[in-house]
Amino acid sequence: MAHLLEVQTGYRSGSRHWAQPGEPRSEYDPSHTTLTERRQTKAAELRQLDRQEAKHLGLEWFSERTLKRMAAQYAEHGLMGLADGRWTPPLRGRRAVTEEVAEAIRAVHAECLHRSKVSMKTKERMIHQYVAEKFDAEVHVPHYTTLANVWKEWFGSGGTRQRYVRSAAAVETGKAKVVVTRPGQVVALDTTPLPVKVLDDIFGLPITAHLTLALDAYSHSLVAFRLTPVSESSVEVAMLLRDVLRPLPMRPGWGQEMEWPYPGVPAALVAQFAGHEVAGLPFFAPETVTSDHGSVYKNHHIVSVARRLGIDLLPARAMRPTDKAACERAFSGIQSLLLEMLLGYRGVDIADRGADPEGDAVWTLAEMEHLLATWIVAVWQNRRLGQYAPAWDPGGRHSPNTLFAAAAARDGISLEIPEPDLYYELLPAHFVKIDRRRGVKIGGLWYGGTDPVLDAFRGRRSGRGGRHAGKWAVNCDPRDCRRVYFEDPERSGCWHALDWNGLPPGDDVPAFADTRVRELLREAARTGLKPQDDRELLPVLLKLLAARTPVADWPTQMTAQQKTERAREMERARAAAADRPSTPLNRLPPPDRPAELAQRTRRAVTEDRQRRREAAVSQPPPPPPLLGDSLRARNLFLLPDEDEDDGQAPELSPEPA
């Protein structure tokens, strides 16, 4: 290619911007020579090479006509068009494998797809049986070694499980292939349990977290990740896609070596657009997202999120792990390069587990998240790629950062930083009616009963048509059900938070998720509680949250499973608070300790009782009478009033002394 580019442009690199010392040479200067003259000069130059050296380089027979053919092939196929087909001829088959034997091999392969797995010796006998029954006895069947080699060439080594082979054969693969040529063209998503036991941030108990990665198929950059205490839900995947669009902010303790390193766009300019200092991790608008067939990746919520972000969903083919092999390999790389060195590592198999990985756990969930973010920016993005080197430079030294920088220098960088309000748009939407008195009902709870934002829309039908005709869209974050979000139809982009009707004044009630809401409604139905107002459900909710118990009694009143569930719920609430636009991007809100949770809940219960007492009494009671007034009213020494029968007061006769 260097010889061809020097003939075409006068520079071995193909551009005067990357000219080497001494270029262009006088005989290849495009301003003084023609293309034909340069081709003739190059052909004469290559003929001067040593015969043996030219043969090793593939330049033994090189002429002006060869340069013309290479120029046409390069324009159509790029670098691969310059490959000499005589060095890589197509397989010509085997003379011992006749048409009859080939038919027998294919018939036996089709039969073995439906049977249980058998050995190659059994397949050889089946091939002999097929040939003997279908054709004459004169048809020669090759040796076992030849049949085994042919079977491996045609159908693979056969080391896959039989059910996977059968399922893969039933899938129509087609001939179209995706060629990735730029960052963001294909982003692979996948989730796996983290092979390290971590401690929750509330009780300090060991739990299992799940790691979700978003990997760019072109540069192999880990553009986003999520560490969740439970298996991911659709809202976590939606926030992960939003993280791909947003620049990663610098965190406390990160030095200048982890800041934005890509040339062409200054770090100050990116920080000005983002509103904060940006770390050295690519961000872009993904075009296509590929994932497996998990329900979390193909539900209605993710489909609506992809439509909002302009992303095409491309599920991987069934039983085809090679469609997202780079993401699977990234999990293995993180495990071997980082996770295996951490305390609490539990391995990938129960037989390889240590004596007590739960007792060895020392990393909290927040510390593990910070460690992964630091390792990705500092190590993974600068690590040399081996087998994933680009096709245009297979022998070069490349890392995810250098590949992204090369693509940025070629195509530029699109600074499309999303607005903070995108968080509300990516939440699951519920289509409901607005009640005049109680507001909107989401998941069995009522919101915005006294909120003046809904006053203009109470009892009215919306202008929406179709399946949800006349209903209003209200978005809810299932990780924190204390409030929902309503977009003002008259002002696009203006979102209002509607609090749950059962919340007391203040913000002392701990966060609760949708699973806790379902448990709350089941508990209320079990006890026969039919509240007229959601405020009646607050005591039941606080009992379920196990926060009304004094801190000293928590170890005896709560089981390990209850503590784990509560810690996971609070961690999801912290993640929801971090995703909301009002929370600073560079840090998560601090976790609540058990003492803080109990104190907040006691304040909430006290305020709720006071509010109930005030609401029960419409007018304040009169103050009690003074003690002296009550005594004077009941004094036994006072004379009774005179009779007024005749209108005159009776006279009293003096008693004898």
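Between the Glu236 side chain and the Ser233 main chain, a donor and an acceptor come within less than 3.5 Å of each other. A donor-acceptor pair under 3.5 Å is absent between the side-chain atoms of Trp154 and the main chain of Arg106, judged by distance alone. Here the side chain of Ser234 pairs no donor or acceptor atom with the backbone of His301 at under 3.5 angstrom. Remark: the backbone N or O of Ala19 is not paired with any side-chain donor or acceptor of Glu23 at under 3.5 angstrom. In this structure, Arg346 contributes its side chain and Leu194 its backbone to a donor-acceptor pair below 3.5 Å. Side-chain N or O atoms of Trp380 include one that pairs as donor or acceptor with a backbone N or O of His220 at under 3.5 Å. With hydrogens and angles ignored, the 3.5 Å screen pairs a side-chain donor or acceptor of Thr9 with a backbone N or O of Leu5. Arg308 contributes no side-chain N or O that, together with a main-chain N or O of Leu426, makes up a donor-acceptor pair within less than 3.5 Å.
Rounding to the nearest 0.5 angstrom, the gap separating the CZ atom in Arg125 from the OG1 atom in Thr122 is 5.5 Å. The NZ atom of Lys117 sits 11.0 Å away from atom SG of Cys112, with the distance rounded to the nearest 0.5 Å. If you take NZ on Lys123 and CG on Leu147, they are separated by 11.5 Å, rounding to the nearest 0.5 Å. Asp190 contributes atom CG, which lies 10.5 Å from atom CG of Leu215 (distance to the nearest 0.5 angstrom). Separation of atoms CZ (Phe283) and CZ (Arg246) is listed at 11.5 Å; rounding is to 0.5 Å. Atom CD of Gln185 sits about 11.0 Å away from atom CG of Asp312, to the nearest 0.5 Å.
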Give the intermediate values and the outcome of side chain to side chain contact (heavy atoms under 4.5 Å, CB included) for residues Leu313 and Tyr297. CA-CA 9 Å; Leu313 296 178; Tyr297 294 114; over 6 Å; no
Given Ile334 and Leu222, is the side chain to side chain contact (heavy atoms under 4.5 Å, CB included) satisfied, shown in steps? CA-CA 11 Å; Ile334 295 175; Leu222 295 178; 4.0 Å; yes
Report the C-alpha distance between Leu189 and Thr212 in whole Å, list the side-chain angles of each, state the deciding distance to 0.1 Å, and finish with yes or no for side chain to side chain contact (heavy atoms under 4.5 Å, CB included). CA-CA 7 Å; Leu189 301 184; Thr212 305; 5.5 Å; no
Does the pair Val244 and Phe284 meet the rule for a side chain to side chain contact (heavy atoms under 4.5 Å, CB included), with working shown? CA-CA 6 Å; Val244 178; Phe284 42 72; 4.0 Å; yes
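Using a 4.5 Å heavy-atom threshold, the side chains of Pro282 and Asp216 count as separate. The closest side-chain heavy-atom distance from Leu403 to Leu385 is below 4.5 Å. Taking the side chain as every heavy atom from C-beta outward, Tyr74 and Met1 approach each other to under 4.5 Å. A 4.5 Å side-chain heavy-atom check between Phe62 and Leu49 finds every atom pair outside the cut-off. Looking at Thr191 and Val237, their side chains never come closer than 4.5 Å, going by heavy atoms from C-beta outward. Side-chain atoms of Lys298 and Val303, non-hydrogen and from C-beta on, never get closer than 4.5 Å to each other. Using a 4.5 Å heavy-atom threshold, the side chains of Glu287 and Ile311 count as separate.
Heavy atoms of other residues, nucleotides or ligands lying less than 6.0 angstrom from CZ of Arg94 number more than 12. Atom CZ of Arg410 sits in a crowded spot, with more than 12 heavy atoms from other residues, nucleotides or ligands closer than 6.0 Å. Annotation for Arg353: atom CZ counts as buried by contact number, over 12 foreign heavy atoms lying within 6.0 Å. Atom CD of Glu99 is surrounded by 12 or fewer heavy atoms from other residues, nucleotides or ligands within 6.0 Å.
Side-chain contact check for Ser221 and Gln381: at least one donor-acceptor pair (N or O, by modelled atom type) lies under 3.5 Å. Using a 3.5 Å distance cut-off with no hydrogens or angles, the side chains of Tyr345 and Gln335 do pair a donor with an acceptor.
Salt-bridge check for Asp411 with Arg182: failed, with every basic side-chain N at 4.0 Å or more from each acidic carboxylate O. Taking a cutoff of 4.0 Å between a charged side-chain nitrogen and a carboxylate oxygen, Glu100 and Lys134 do not qualify as a salt bridge.
Ring planes of Phe404 and Tyr262: perpendicular class, angle over 60° (limits at 30 and 60°).
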